[in-house]
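Notes to accompany the following structure.
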Amino acid sequence: MKKQIIGLLLAIITIPGIAVEKSQIRIVCSFSDYASIASEIAKGYATVESISQGESDPHFIPPKPSYAMMLNKADIWITTGMDLEQWSTTLIDRAHNSKIMDGAVGFVAVSDGVTILDKPEKADRSEGDVHLMGNPHINTSPLNWKIIARNITVGLIKVDPENAEFYERNRDDFIDRVDRALFGDELVDMFGGETLSRLLLNHTLFTFLDREYQDKKLVDLLGGWLKEALPFRGSRIIAYHKNWAYFSDIFGLEIIDFIEPKPGIPPSAKHVQYIVNLIKDQEIKVMLVASYFEKKSPQMIEDRTGIKAVYLPLFVNHEIGIENNFELVDYWISQIKQNL
Amino acid sequence: MLSIEFIFLPFLGCLLIVLINVYFGIHVIKREIIFIDIALASIAALGSAVGMVLFESISVDHSHEGHGFFPYLFSLGFISIASFAFTLLKHKKISIPLEAIIGIAYAVATTLTVIILDKGAGGDVHVHDMLVGTILWISGHQLTRLALVVTIVGVFHIIYRKKFMSLTESFHNHDNKINRHMLWDFLFYFSFGLVVVEAVNIAGILTVFAFLILPASLSVILKGNWTTKLIVGWVAGVTASFAGLLFSLKLDVPSAPVIITLLGIILLLGYLLYKISNNKKPVKETSET
Amino acid sequence: MGTLLFLAPPIVACIILAGILSYFGNHILSRGIIFIDIAVAQIAALGTMIGILLGFAENSANAQIVSYAFTIIILGIFSFMKVKNQVLPQEAIIGIFYCIALGMALLLAEKIPGGSNYITKTITGNVLWVTWKSVLYCLLIFIPVIIVNLVMGNIIKKVSHGELAGNSMSRTRIYDLVFYITFGIVIVKSVPVMGIFLVFMLLIGPASISRIFVRSWTGRIIWGWIIGAAGSLLGIYISYSMNISNGPAIVSLIGIATYIAAFTKLYMKRADKNILTTN
């Protein structure tokens with residue numbers, strides 16, 4: 001008798017749980033950054049998972065069985081949409097889920113509409129990166145988050161049109177938060193996030209802000225990350241690999257050269273000498289290194305040239321306490337400021 | 001039952017690889033050219049890279065399934081050249097072990113691939129894929145190709161097994177080489193190369209290497225004739241594959257390390273059992289087979 | 001002139017390593033355990049990963065100690081596995097160790113940030129970044145290694161050629177152990193600096209070339225050194241002038257040279273009666 005009552009109680013308790021679970025949308029992302037943004041938009045209406053976690057090399061994903069199963073049950077698959085996640089093609093094939101294949105309703109390519117940097121001139125690969133379509137590390141710029149959010153919202157609405165308003169509201173809310181985090185409240189209130197973003201993208205923001213307003217310059221009203229980053233705006237640095245293009249574009253860092261522009265190919269003697277001289281001549285103090293790289297080579301470079309290697313996680317990573325994209329950029333800016 | 005169905009195709013793939021690799025493994029251990037499959041895989045990759053760069057069939061859409069036509073042709077070509085070199089350089093004039101020649105080929109192939117990809121393409125993104133492989137995602141198409149190659153090479157070796165076995169048994173004798181033998185040496189390396197290309201594409205270098213060496217090592221330790229050796233190896237390989245795939249699902253880890261660990265455990269257990277059962281008999285100073 | 005100064009530390013590093021690796025390479029060739037250095041490198045990397053998992057920071061002294069300790073333990077097991085009538089060749093045993101170590105490393109790679117960098121194929125290094133300080137540390141570690149091998153050199157040489165030390169298997173194993181430990185130390189120290197393939201090639205390549213043409217043991221070591229040093233220098237020069245990745249340039253150069261040497265020897269007309277003497 002007791003057992004039956006307990007059984008009944010358990011059933012009653014779990015039923016609401018099951019009911020809620022059934023109506024939740026399952027979102028799977030390639031990277032934790034996209035997952036973070038997706039959570040902001042879908043909030044409680046979806047479960048969001050990501051395949052590549054924090055400190056992992058975005059090019060290498062160990063083939064765990066759970067990935068295929070995750071994808072098999074997913075309603076939405078969020079990926080960059082350029083050729084960064086080359087490991088995903090086999091995974092998607094094997095997941096046998098027609099909802100999330102390229103072109104289907106549940107496939108979201110977040111790079112749609114992003115202004116791509118480093119597009120190669122020639123169609124073949126001889127010049128640059130493995131990445132034919134340009135630099136795919138779009139998550140490093142807050143401006144791109146807004147476009148990512150828009151793309152994710154479109155996907156969500158396709159899959160769940162009933163709650164369109166809810167998603168749009170969250171999206172606008174998120175976009176507003178990004179604007180304010182980037183420019184500070186005052187300027188956003190005066191000119192609106194969109195105008196400011198357009199100016200920033202066209203590299204005309206600071207000319208614009210040089211204007212007089214009342215008895216100061218507009219630039220004095222600047223807040224947020226751009227203000228935090230002012231001290232190092234215009235500084236020259238080196239990067240280990242081309243991860244930071246979008247970040248440096250917005251925050252005014254001049255990345256003079258790369259140690260390993262082509263992944264997996266160690267530099268030649270000529271390039272090494274060139275870099276060593278460059279660092280000395282231009283007195284470059286900082287080298288940005290994504291934290292998924294091994295530390296031995298950057299350390300050797302530090303020893304050889306006196307430069308300081310600043311290790312930054314490329315993505316949101318709960319394990320080290322970076323819960324979302326905002327905290328990620330906070331961390332990046334504070335680390336760079338400390339070392340420049 | 002999602003689990004069993006999920007590992008069905010991968011298991012078939014493992015089965016095929018175990019089938020052919022245990023056989024080759026016994027040969028390889030006797031000839032003491034342990035790392036030949038890793039070398040052949042690198043050489044094939046080099047051929048692929050050259051083919052890709054020369055015919056610029058590098059598309060943005062990487063299908064892990066097929067080989068492009070020219071890259072495949074080139075990888076076979078390079079394997080032939082390597083097989084030829086290995087055959088010629090097993091000669092009494094050359095006072096270094098063949099394994100050293102093979103090792104050097106491995107290093108050169110890998111580094112030349114890096115240089116070619118550097119100059120011709122953009123970088124080396126697929127290194128990890130080749131190491132771990134994606135056997136859990138094996139497709140019907142890949143399985144069919146594998147089955148085809150294993151069957152062709154397998155049947156060939158069944159027909160001419162005496163030739164190959166006698167070659168291997170006498171591998172370390174420095175008698176005068178009759179020219180006829182050279183042909184069979186070449187065919188040995190080349191046919192193995194064909195298998196390696198398919199198997200590595202699916203299961204990755206590590207798993208293929210493990211299937212080559214670990215079960216065959218157990219067979220060699222337990223002695224016995226060829227048939228016994230083959231059966232021991234097959235049983236070990238099949239068991240480890242099945243259990244390995246299951247555990248990989250349960251623990252949610254890549255399959256390669258699990259299968260290898262199991263193969264290692266089977267090897268160790270087999271060795272210990274053998275030692276214990278031997279200690280029960282009067283101790284004989286036996287010479288090896 | 002500036003270039004030469006800039007390239008000086010790497011050149012010196014290569015020359016030192018060419019020498020010490022030529023010595024070990026000749027032993028390795030005699031023992032027929034070619035892939036031992038790749039196995040040792042992977043085992044050491046696994047050891048470092050274990051150290052990191054135990055809580056030590058990535059490049060801390062503690063992690064390094066764990067790595068060395070782990071490597072020495074495994075090498076100890078390996079040397080004590082040698083028996084009189086060996087059914088399974090030592091190279092196969094090395095293959096087994098390598099395989100399992102790589103498998104374990106793959107499993108652990110996920111749990112460590114940057115874990116994929118401890119897996120053999122990706123152990124790149126670039127000798128071009130080496131500093132004088134680094135070179136000095138290498139020398140400091142190599143000196144005891146050299147001394148030990150000078151003192152025990154003759155016996156180790158005998159063992160490498162298949163004989164027993166003092167007619168006892170257990171004594172032989174001890175000498176084996178000493179050899180492997182000193183060897184292991186050299187590998188573990190040099191791989192992070194130069195990358196796995198450069199170390200491998202400097203170990204096997206020059207020794208092979210000299211072995212093909214030179215008969216005396218000491219001669220082989222010396223010629224191996226010369227060839228290794230010359231190959232490194234030429235490789236660096238090519239890397240510089242043709243703007244090719246440095247390590248791969250040296251490795252390919254020496255490797256191709258070895259093949260040329262082998263084929264040359266094959267087709268040399270000179271009838272040599274004593275070809276079968278040393279191996």
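Letters A, B, ... mirror the listed sequences (proteins, then strands); counts begin at 1. Source: prediction; values computed, not measured.
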Measuring from [X]:[atom1] to [Y]:[atom2], what's the distance to the nearest 0.5 Å?
| X | Y | atom1 | atom2 | value |
| --- | --- | --- | --- | --- |
| C/N26 | B/I96 | CG | CD1 | 11.0 Å |
| C/I212 | B/K93 | CD1 | NZ | 11.5 Å |
| B/I213 | C/I94 | CD1 | CD1 | 11.5 Å |
| C/I96 | B/S217 | CD1 | OG | 3.5 Å |
| C/I254 | B/T111 | CD1 | OG1 | 10.5 Å |
| C/L106 | B/I260 | CG | CD1 | 7.5 Å |

Next item on the list: With sequence neighbours excluded, tell me which residues meet salt bridge (Lys or Arg N to Asp or Glu O under 4.0 Å) with B/R31.
Entry: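 In terms of salt bridge (Lys or Arg N to Asp or Glu O under 4.0 Å), with neighbours along the sequence ignored, B/R31 is linked to B/D185.
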
Next item on the list: Can you check whether anything in residues 230-241 of chain C gets within less than 4.5 Å of chain B, heavy-atom wise, and list it by number?
Entry: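 Result: none.
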
What part of [X] gets within 4.5 angstrom of chain C, counting heavy atoms only: side chain, backbone, both, or neither?
| X | value |
| --- | --- |
| B/A105 | both |
| B/L112 | both |
| B/L88 | both |
| B/A216 | neither |

Checklist line | Option that, when pairs with chain C are counted at under 4.5 Å, heavy atom only, ranks first among B/V253, B/L89, B/I29 | finding: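 The residue among B/V253, B/L89, B/I29 with the greatest pair count is B/L89.
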
Note to self: Looking at chain B, which one of C/P89, C/C99, C/G205, C/G32 has the largest number of heavy-atom pairs inside 4.5 Å, strictly under?
What the structure shows: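 Most pairs with chain B among the choices: C/C99.
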
Check: Do B/Y271 and C/L88 pass the side chain to side chain contact (heavy atoms under 4.5 Å, CB included) test, and can you show the C-alpha distance, the side-chain angles, and the key distance before you say yes or no?
Finding: CA-CA 11 Å; B/Y271 175 66; C/L88 205 57; over 6 Å; no

Notebook entry, point to check: Which pair of non-hydrogen atoms, one from B/F35 and one from C/G95, has the smallest distance, and what is that distance?
Noted result: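 Looking at all heavy atoms of both residues, the shortest contact is CZ-CA, 4.0 Å.
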
Notebook entry, point to check: More than 12 foreign heavy atoms under 6.0 Å from CE of C/M169: is that the case here?
Noted result: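 Check passes, neighbour count above 12.
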
